Amino acid sequence: MVEIINTGSELLIGRTLNTHQQWLCRRLSDLGYTVGRQTAVPDTADAIAQATTESLSRAELVIVTGGLGPTSDDLTRDRIAALVGVPLVEDPAVVAHIEAFFTARKRVTPARTRVQAQVPQGARVLTNSHGTAPGLALKISPNPFHRDRTTSWLILLPGPPRELRPMFDTEVVPLLQHELPVAGGYLATTFKTTGLGESLVEERVADPLAQLVHAGLELGYCARVSEVEVRLAARGADGPRLVETAARIVQETLGPLIFSQNGNDLETVVVRTLTRLRRTLVVAESCTGGLLGHRITNVPGASAVFLGGWITYSNAAKVRDLGVPPATIDADGAVSEAVANEMAAGARRTSGADYALAITGIAGPSGGSEAKPVGTAFVALATSAGAKARRVLHPYDRETFKFATSQYALDMLRRELLRETREESPG
Ligand code: AMP
Ligand code: MG
């Protein structure tokens with residue numbers, strides 16, 4: 001059993017969202033580990049020591065996050081070394097790593113960062129590729145806090161998510177697989193889908209998977225905004241067969257609703273596909289205010305396919321920048337199929353890109369009408385075959401509306417690329 005302790009007073013006064021809790025639980029469960037308990041404690045030596053003692057009395061793996069930095073509120077390293085009863089010794093390799101870190105940034109090494117090179121004797125140092133505080137892994141054998149005096153592992157990870165996450169993947173996962181392998185094996189796979197709600201996804205896959213579930217397949221759904229995950233997992237010798245059979249069934253029943261297996265988000269899938277096909281994209285956004293472009297440019301390598309975009313929020317901008325005829329806006333309104341099509345066609349024409357996505361809609365809370373209620377949007381895709389708009393309804397708060405609508409736009413392009421590649425390579 002695994003326990004997680006998140007240290008940080010900021011977590012308990014609502015100033016920082018405890019993302020480690022979710023991220024680590026998700027990674028661990030995908031690897032087949034069962035997290036039995038998670039605790040958040042303030043940055044006090046007593047709280048850290050008490051929580052660690054309690055967790056060590058139950059778990060064979062305890063992960064403690066935060067408090068490894070150089071400031072006065074970073075107490076984890078000291079307190080845990082004292083608890084386990086080992087001295088801290090300076091590790092010259094960590095000193096060198098810290099100095100190299102600052103040299104590479106053309107900064108002098110602050111004297112107090114050197115405390116981060118203090119390592120509990122016998123601990124394994126987990127390299128921090130994105131910061132100075134190393135992670136630490138302590139094998140506690142026998143574990144004096146545990147009734148059975150078995151061996152436990154205590155792993156300390158740095159607080160900043162951008163340091164913790166890569167460290168977990170590159171340093172902790174191999175250690176766990178070597179030192180604490182999951183008994184009997186474990187296999188999990190996750191499909192991401194868009195275009196259908198959670199209950200409809202379940203309606204499609206539940207019956208065909210019923211027998212496998214009966215045989216031990218774990219089947220889970222996770223609904224997010226405009227996205228439903230289907231997770232398949234199984235333990236034991238029969239696990240791989242169960243998961244693989246179930247995965248085939250999910251692929252057959254959900255087909256093109258699936259946009260990725262094991263990870264990639266929709267914008268990554270779209271950018272990768274465009275890159276593979278050597279096609280380019282521009283965007284023309286009104287109500288999403290740049291979110292579509294933002295999501296596309298979050299993907300590394302987007303510059304190979306993304307030429308740029310327009311945020312044409314006003315009617316005047318739609319006319320001036322995209323060449324939308326004022327008469328079309330007068331006749332149909334700015335939120336209309338015709339204007340979405342003109343925006344997409346104009347963006348494609350002006351830029352010379354292969355594809356243009358355009359979005360116009362009513363985010364609310366005001367501005368709706370009976371014919372076009374709040375949440376109405378028109379999303380258009382322009383290709384060499386012309387522009388085609390679709391009407392969607394996302395009656396949510398503004399931020400959710402923007403995300404759902406950008407998701408729809410990305411998926412429209414994904415589906416188009418899927419169609420084109422199918423036509424190009426029959427069979
Ligand atoms: P620390 O190493 O404890 O000083 O943490 C450094 C920074 O990492 C904090 O200021 C937070 O911004 C962030 N951080 C620490 N713990 C968490 C957590 N559980 N979830 C998200 N961010 C965290
Ligand atoms: Mg802290």
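Throughout, numbering of the chain's residues begins at 1 and tracks the sequence. Because the structure is predicted, anything quoted here is derived from the model rather than measured. Numbering of ligands and ligand atoms starts at 1, following listing order.
- Here Leu274 contributes atom CG and Arg414 contributes atom CZ; the two are 12.5 Å apart, rounded to the nearest 0.5 Å.
- For the ligand labelled ligand 1, residue Pro160 lies inside the 4.0 Å heavy-atom shell.
- For Glu60 and Ser152, the side-chain atoms include no donor-acceptor pair closer than 3.5 Å.
- Proximity of Gln21 to ligand 1, defined as any heavy-atom pair under 4.0 Å, is not found for any part of the residue.
- Considering backbone and side-chain atoms alike, Thr16 places every N or O at 3.5 Å or more from each N or O of ligand 1.
- The shortest N/O to N/O separation between Thr65 and ligand 1 does not fall below 3.5 Å.
- For Leu11, no nitrogen or oxygen atom sits less than 3.5 Å from a nitrogen or oxygen atom of ligand 1, counting backbone and side chain alike.
- Polar contact with ligand 1: absent for Asn6 (N/O pair, distance under 3.5 Å).
- Between His97 and Phe101, the two ring planes are tilted [angle within 30° to 60°].
- Residue contacts with ligand 1: Leu17 is placed with a nitrogen or oxygen under 3.5 Å of a nitrogen or oxygen of the ligand (distance criterion only).
- Among Asn6, Thr7, Asn18, the one residue that satisfies the side chain to side chain donor-acceptor pair (under 3.5 Å) test with Thr65 is Asn6.
- Taking distance alone, with nitrogen or oxygen atoms compared against 3.5 Å, Pro161 stays at or beyond that limit from ligand 1.
- The 12-atom threshold is not exceeded at NZ of Lys388, counting heavy atoms of other residues, nucleotides or ligands nearer than 6.0 Å.
- Note on Arg224 versus Glu229: salt bridge recorded, some NZ/NE/NH1/NH2 to OD/OE distance being below 4.0 Å.
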